[in-house]
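Data block below; observations after.
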Amino acid sequence: MATTRSTDAAARGAYIEAPAPLHARPAPLSGLLAPQRFMNTTGLLLFILALSVPFITASPYVISILTSAFIYVMIAMGLNVVVGYAGLLDLGYIAFVAVGAYTSGILTTQFGFSMFETIPIVILACVLAGVVIGGPTLRLRSDYLAIVTLGFGEIIRITATNLSITGGASGIHGIPTWSFFGWSFADGLELFGITFTSKVLFYFFVVIVALGLATVGAARLSRGKLGRAWKSIRDDEDASEAMGINGYTTKLSAYIIGAVWGGVAGSLLASHLSAISPPSFEFLYSALILMAVVLGGMGSTPGVIIGALFVSLAPEFLREFSEWRYLIFGVLLVVVMIFRPAGLWPANAVLPFLKKRRIEPLTTTNIPWAAEAKQAAEAKQAADAAQGRDGDAARGPAENGSGAGRDGGAR
């Protein structure tokens with residue numbers, strides 16, 4: 001009996017160890033068709049293509065609309081941090097763009113700053129605006145947060161309309177282009193016999209900042225520790241707080257980072273337009289940016305880029321239809337949302353021709369510990385069977401004795 005119990009204890013001790021995985025760990029994917037490498041390579045090629053546009057066509061109209069489109073991409077990436085990663089419905093995001101644009105415009109036209117020198121102040125102003133607005137309101141959820149952010153956007157626009165330092169209803173005019181240590185884009189540049197105009201140089205600068213720095217920076221944040229905290233708050237705030245994540249500070253960080261992205265994009269927009277006014281920051285533009293994020297795919301970097309380009313360029317492509325273009329644009333949006341409700345490129349989308357990790361079933365040939373796990377399971381079954389036989393043998397005489405007693409009593 002002692003031997004049986006020790007065998008049973010050994011078997012039970014082997015059995016209660018941490019269970020082994022059911023599948024082998026897939027080998028890391030390699031080659032150009034690995035999903036992450038393919039997307040990185042494709043993004044780099046598209047970035048190079050965007051930089052090469054002026055060498056293909058230097059039309060002022062093409063350069064101007066593409067510059068505006070890439071600025072909208074940066075604005076949409078900032079809103080994607082707030083809405084796509086953290087799950088905060090912001091209906092007044094254009095207000096942060098207005099804060100950045102007016103801060104740069106005031107400092108350059110009235111205090112003699114260059115656009116490059118205004119960037120630290122723009123970032124500080126956007127952080128302050130994010131804390132002032134997000135501090136008391138991010139404790140709210142769902143529709144209440146949306147209503148408060150909508151009011152914030154209107155407050156910024158109305159305040160800019162009624163202040164003299166912002167130019168009132170006429171806005172600010174004569175905003176200069178970017179300059180660095182005495183050299184300005186307005187001076188142009190001649191390199192290898194090619195003359196680059198001010199608009200082309202500013203286009204290169206926008207591509208590098210909006211597509212190179214802002215987009216890659218937001219994507220890297222989403223894959224880090226902070227990005228995972230944002231996504232956990234978005235999926236289930238109560239569960240993430242139960243796991244130790246501070247929901248309030250996490251949402252506030254997303255709100256502030258989104259505000260900084262929007263403010264820097266506002267500085268680019270002010271320099272591109274050279275004039276800003278309150279009608280440039282109406283609620284319609286907040287709705288269009290939110291539409292770009294939802295249309296492309298919330299939380300998806302390539303999806304947001306596609307959505308922003310679609311929202312900004314589609315009206316230009318439909319300009320031949322004159323007053324019908326906005327109706328056609330609206331119909332196209334409805335059709336896309338019907339057939340692609342998760343967005344043109346959802347966050348979990350994988351191209352069908354890319355390699356996928358193949359999970360192999362549990363076998364003794366590809367899993368070194370599978371034979372040991374099988375032996376432990378068989379030992380446990382044998383020990384349980386032996387214990388059952390010993391129990392039956394122990395209960396037999398007692399049951400016979402009780403039966404004999406009952407027979408004696410009956411007699």
Side-chain angles (χ1 to χ4, degrees), residues 38-80 97 101 115-116 175-180 183-219 261-262 264-275 285 288-289 292-293 295-297 300-321 325 329 332 344-345 351:
F38 179 83
M39 294 304 300
N40 292 340
T41 304
T42 303
L44 179 61
L45 292 178
L46 292 178
F47 177 74
I48 296 174
L49 178 62
L51 288 175
S52 63
V53 167
F55 299 98
I56 300 173
T57 173
S59 169
Y61 172 73
V62 173
I63 297 299
S64 178
I65 64 172
L66 286 180
T67 302
S68 300
F70 292 141
I71 293 175
Y72 270 93
V73 168
M74 183 174 179
I75 298 174
M77 289 303 301
L79 183 60
N80 188 44
V97 182
M115 290 296 296
F116 180 71
I175 300 175
T177 187
W178 284 66
S179 59
F180 302 90
W183 176 77
S184 173
F185 287 156
D187 299 335
L189 179 66
E190 185 174 352
L191 190 64
F192 301 111
I194 303 175
T195 301
F196 298 96
T197 63
S198 173
K199 294 293 184 182
V200 172
L201 292 174
F202 184 71
Y203 169 81
F204 287 140
F205 181 68
V206 168
V207 170
I208 294 173
V209 172
L211 294 184
L213 300 180
T215 302
V216 174
W261 254 245
V264 176
S267 299
L268 295 175
L269 184 64
S271 179
H272 174 56
L273 299 177
S274 73
Y285 296 98
L288 285 175
I289 298 169
V293 175
L295 183 66
S300 171
T301 299
V304 171
I305 295 175
I306 294 172
L309 293 177
F310 179 81
V311 169
S312 58
L313 296 179
E316 296 295 332
F317 291 150
L318 299 174
R319 185 173 292 275
E320 297 180 359
F321 297 96
R325 62 174 175 154
F329 177 59
L332 288 175
L344 294 173
W345 193 304
L351 294 176

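- Taking all atoms of both residues into account, the shortest heavy-atom contact from Pro54 to Val200 is CB-CG1, 3.8 Å.
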Stepwise, does the side chain to side chain contact (heavy atoms under 4.5 Å, CB included) test hold for Ile305 with Leu46? CA-CA 11 Å; Ile305 295 175; Leu46 292 178; over 6 Å; no

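- Across Trp345 and Gly303, no two heavy atoms sit closer than the pair CB-CA, 3.6 Å.
- Listed here is the closest heavy atom pair of Ala265 and Ile75: CB-CG1, 3.4 Å.
- Screening Phe180, Phe116, Trp178 against Phe185 for a ring pair (Phe, Tyr, Trp, His ring centres under 6.0 Å) leaves a single residue, Phe180.
- Residues Ala210 and Thr215 share a closest heavy-atom pair of O-OG1, 2.8 Å.
- Rounded to the nearest 0.5 Å, atoms CE (Met115) and CZ (Phe202) are 7.5 Å apart.
- Minimum heavy-atom separation, Met74 to Trp261: CE-O, 3.8 Å.
- In this structure, the separation between OH on Tyr203 and OG on Ser198 is 15.0 Å, given to the nearest 0.5 Å.
- With values rounded to the nearest 0.5 angstrom, Tyr72 atom OH is found 6.0 Å from Tyr285 atom OH.
- For the atom pair Leu318 CG and Phe329 CZ, the distance stands at 8.5 Å (nearest 0.5 Å).
- Rounded to the nearest 0.5 Å, atoms CG (Asn80) and OG1 (Thr301) are 6.5 Å apart.
- A donor-acceptor pair under 3.5 Å links the side-chain atoms of Ser312 to the main chain of Ala308, judged by distance alone.
- In this structure, Ser68 contributes its side chain and Ser64 its backbone to a donor-acceptor pair below 3.5 Å.
- In this structure a side-chain-to-backbone donor-acceptor pair under 3.5 Å is present from Thr67 to Ile63.
- Pairing each heavy atom of Leu201 with each of Phe196, the nearest pair is CD2-CB, 3.7 Å.
- A distance of 9.0 Å separates CD1 of Ile175 from CG of Leu269, quoted to the nearest 0.5 Å.
- With Ile71 as the fixed residue, the side-chain contact (heavy atoms from CB on, under 4.5 Å) test singles out one of Leu268, Leu273, Val209, Leu66: Leu268.
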